[in-house]
Amino acid sequence: MLISTTTSSEPLVLTAGSRTFGFDSGPLLMGVLNVTPDSFSDGGAYLTVEQALNHARQMQAEGVDIIDIGAESSRPGAQPVDETEELRRLLPVVEAVHGAVPVPISVDTTKAVVARRAIQAGATIVNDITALRGDPLMASLVAETGVAVVLMHMQGTPQTMQQAPTYANVVGDVSAFLRERVQVAIRRGIKRSQIILDPGFGFGKLQEHNLQLLAEFDTFTKLGYPVLAGVSRKQFIGNLIQRPVHERGYGTAGAVAVAVLKGAHIIRVHDVRTMRDTISVVSAISRHVRSHVRESNA
Ligand code: HH2
C-alpha cells in the first residue's frame with residue numbers, strides 16, 4: 001500500500017532548545033541555505049551575508065519552518081573545510097538570519113566547535129551527517145544545550161561514499177544503524193525528544209538503494225522518532241529524468257510526495273514555494289486517509 005496508515009498512540013514531539021515542534025498539521029519544511037562555493041545545487045549563490053539573508057527572508061515569505069544553514073559541502077568528492085573557514089562562512093550568516101528572520105535555524109555541520117558557536121548565535125538544531133560519529137564532543141554538546149539533533153545514515157565519507165556502496169539489505173541495514181545511533185545518543189545523555197532520524201539519500205547509496213529507501217520510507221517513520229527526507233534535486237532524481245540540477249523541481253516533487261505519504265516528518269528542500277504546495281496537497285490527502293481508516297476501525 002502506498003499510503004502509510006500507522007497511527008501511534010502518542011503524537012510525536014520534537015524539542016529543540018526552548019522550542020517544541022509537533023507534526024499534527026503535516027510535515028515541517030526545512031529550507032536549505034548553503035554558504036559554500038561548491039554545494040552541488042546552490043553552491044556560490046549565497047556567499048555574502050546580504051545574499052544569504054535575502055534568501056532566508058524569501059524562504060520565510062514562502063512558508064519555511066526551519067532554515068538549515070551549511071558552510072561545508074557534503075556532495076560526493078567534496079573537499080573538507082577546516083574549522084576556521086567553516087566558522088568564517090557560517091557565523092555571520094547565522095547571526096544575521098537569527099536577528100532578522102523569526103524561523104528556527106538548523107546548522108549543517110559535523111564539528112562540535114562550529115555547532116557550539118552556531119548555537120550561541122541562535123541555532124536550535126544540529127544537522128550532523130555523521131550521526132555523532134565525526135566529532136567525539138558533539139553528543140555532549142547536544143545533551144548539554146538541549147538542541148535537537150539530526151542523526152543521518154552515511155556509508156563512508158563524502159570523499160569515498162559513492163565508490164562502491166554495498167548493503168546486505170539497504171533498508172534493514174540503514175534502520176539498524178539508526179537504531180544503534182539512537183542508543184548511543186541516549187547513552188550520552190540526549191533525550192528521545194531531541195532526536196530526528198534520516199536515512200541519508202545519496203550518502204553512500206546507489207540508484208537502487210535510494211529508490212528502495214524511498215519505497216520503504218515508512219520503515220523509518222515507524223521507529224518512533226521524527227524522520228527527515230533529504231531528496232531535493234539529488235542525483236538519483238536526475239538519473240530518472242535526465243535533467244541537470246536546476247531542472248529537477250518536478251522530479252523532486254514526485255519524491256517528496258512519496259516521502260510525505262510514507263509519513264516523513266521533515267522535508268529538506270531547496271525550492272520552498274513549490275515544495276510547500278506539494279506537501280500541503282499530499283499531507284492533506286494523507287491525513288484524510290488516516291482519519292478515514294480510524295473511523296472505519298472504530
Ligand atoms: N543532504 C545534503 C546536505 N545535508 N543533511 C541531511 N540531514 N540530510 C540530507 O539528505 C542532506 C543533508 C546535500 O544537499 P546540499 O546541502 O544541497 O548539498 P551540499 O552537501 O553539496 O552542500
Side-chain angles (χ1 to χ4, degrees), residues 14 16 27-47 52 55 59 64 66-81 85-86 89-90 93 105-111 114-115 118 123 125-134 138 142 147-159 161-162 174 177-178 181 195-205 209-210 213-214 217 220 225-238 244-246 248-249 252 255-256 259 264-272 275:
L14 175 70
L28 303 177
L29 188 47
M30 175 185 267
V32 180
L33 176 56
N34 282 321
V35 289
T36 59
D38 58 341
S39 286
F40 84 97
S41 161
D42 56 354
Y46 313 115
L47 282 184
H55 189 57
M59 290 198 284
V64 81
I66 299 164
I67 296 178
D68 187 39
I69 309 181
E72 177 175 29
S73 171
S74 53
R75 71 172 208 289
Q79 286 311 305
V81 170
E85 174 61 8
E86 194 176 341
R89 295 176 186 174
L90 187 80
V93 174
I105 295 173
S106 157
V107 58
D108 189 347
T109 188
T110 61
K111 302 182 188 75
V114 175
I125 301 175
V126 174
N127 177 13
D128 179 8
I129 62 164
T130 73
L132 307 176
R133 295 173 299 161
M138 191 67 103
V142 172
V147 297
V149 63
V150 180
L151 304 178
M152 194 197 79
H153 176 271
M154 168 167 52
Q155 192 178 96
T157 65
Q159 290 72 51
M161 65 191 181
Q162 290 308 109
V174 170
F177 170 88
L178 293 175
R181 297 320 293 167
I195 296 174
I196 301 164
L197 302 180
D198 181 349
F201 288 96
F203 287 88
K205 316 280 178 350
H209 299 141
N210 288 307
L213 290 173
L214 194 52
F217 200 83
F220 307 112
Y225 299 87
V227 184
L228 184 152
V231 293
S232 187
R233 299 181 182 172
K234 284 193 176 164
Q235 185 61 46
F236 80 96
I237 294 173
V245 167
H246 288 280
R248 295 179 188 165
T252 297
V256 164
H265 302 88
I266 304 178
I267 307 288
R268 182 181 184 276
V269 296
H270 301 89
D271 315 293
V272 170
M275 298 310 147

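Counting starts at 1 for both ligands and their atoms, in listed order. Below, each value reflects all heavy atoms present in this structure, side chains not excepted, and no hydrogens, waters or symmetry copies.
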### ligand 1 versus Ile129: contacting region, heavy-atom distance under 4.0 Å
side chain
### Task
Record the part of Arg75 in heavy-atom contact with ligand 1 below 4.0 Å; permitted values are side chain, backbone, both and neither.
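Both the backbone and the side chain of Arg75 come within reach of ligand 1.
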### Query
Between Ile69 and Val107, is a side-chain contact (heavy atoms from CB on, under 4.5 Å) present by the stated rule, with each step listed?
CA-CA 5 Å; Ile69 309 181; Val107 58; 5.6 Å; no
## Note on the structure
Near Met152 (heavy-atom distance under 4.0 Å), the atoms of ligand 1 are 6 (C), 7 (N), 8 (N), 9 (C)
### Query
Going by the order shown, which atoms of ligand 1 are within less than 4.0 Å of some heavy atom of Val150?
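Close to Val150: 7 (N).
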### Message
Contact between ligand 1 and Arg233 is defined here as a heavy atom of the residue under 4.0 Å from a ligand atom; is it met?
### Response
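Heavy atoms of Arg233 never come under 4.0 Å of ligand 1.
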Heavy-atom donor-acceptor pair, [X] side chain to [Y] backbone, under 3.5 Å:
X	Y	result
Arg268	Leu228	no
Lys205	Leu213	no
Arg181	Ala131	yes
Thr130	Arg133	yes
His265	Leu28	no
Gln159	Ala78	yes

### Query
Asp271: what forms a salt bridge (charged side-chain N to carboxylate O under 4.0 Å, His left out) with it, not counting sequence neighbours?
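Asp271 satisfies salt bridge (charged side-chain N to carboxylate O under 4.0 Å, His left out) with Arg233 once adjacent residues are dropped.
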Considering only non-hydrogen protein atoms, determine which one is nearest to [atom] and report residue, atom name and distance to 0.1 Å.
atom	result
atom 4 (N) of ligand 1	Asp108 OD2, 3.0 Å
atom 6 (C) of ligand 1	Asp198 OD2, 3.1 Å
atom 18 (O) of ligand 1	Phe40 CD2, 3.2 Å
atom 22 (O) of ligand 1	Ser39 OG, 2.5 Å
atom 21 (O) of ligand 1	Ser73 OG, 2.7 Å
atom 17 (O) of ligand 1	His270 NE2, 2.7 Å
atom 2 (C) of ligand 1	Arg268 NH1, 3.4 Å

Any N/O pair [X]/ligand 1 closer than 3.5 Å:
X	value
Lys234	yes
Ser74	yes
Thr36	no
Phe203	no
Ser41	no
Asn127	yes
Asp42	no

### Query
Rounded to the nearest 0.5 Å, how far apart are CZ of Arg75 and CG of Asn34?
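With rounding to 0.5 Å, CZ (Arg75) is 11.0 Å from CG (Asn34).
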### Message
If I take atom CZ from residue Phe220 and atom CG from residue Leu178, how far apart are they, to the nearest 0.5 angstrom?
### Response
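Rounded to the nearest 0.5 Å, the CZ-CG separation comes to 6.5 Å.
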### Task
Determine the interplanar angle of the His55 and Tyr46 rings, folded into 0 to 90°, and report it as parallel if under 30°, tilted if 30 to 60°, perpendicular if over 60°.
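Ring orientation, 0 to 90° scale: parallel.
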### Message
Below 30° counts as parallel, above 60° as perpendicular, anything between as tilted: where do the rings of Phe236 and Phe201 land?
### Response
parallel
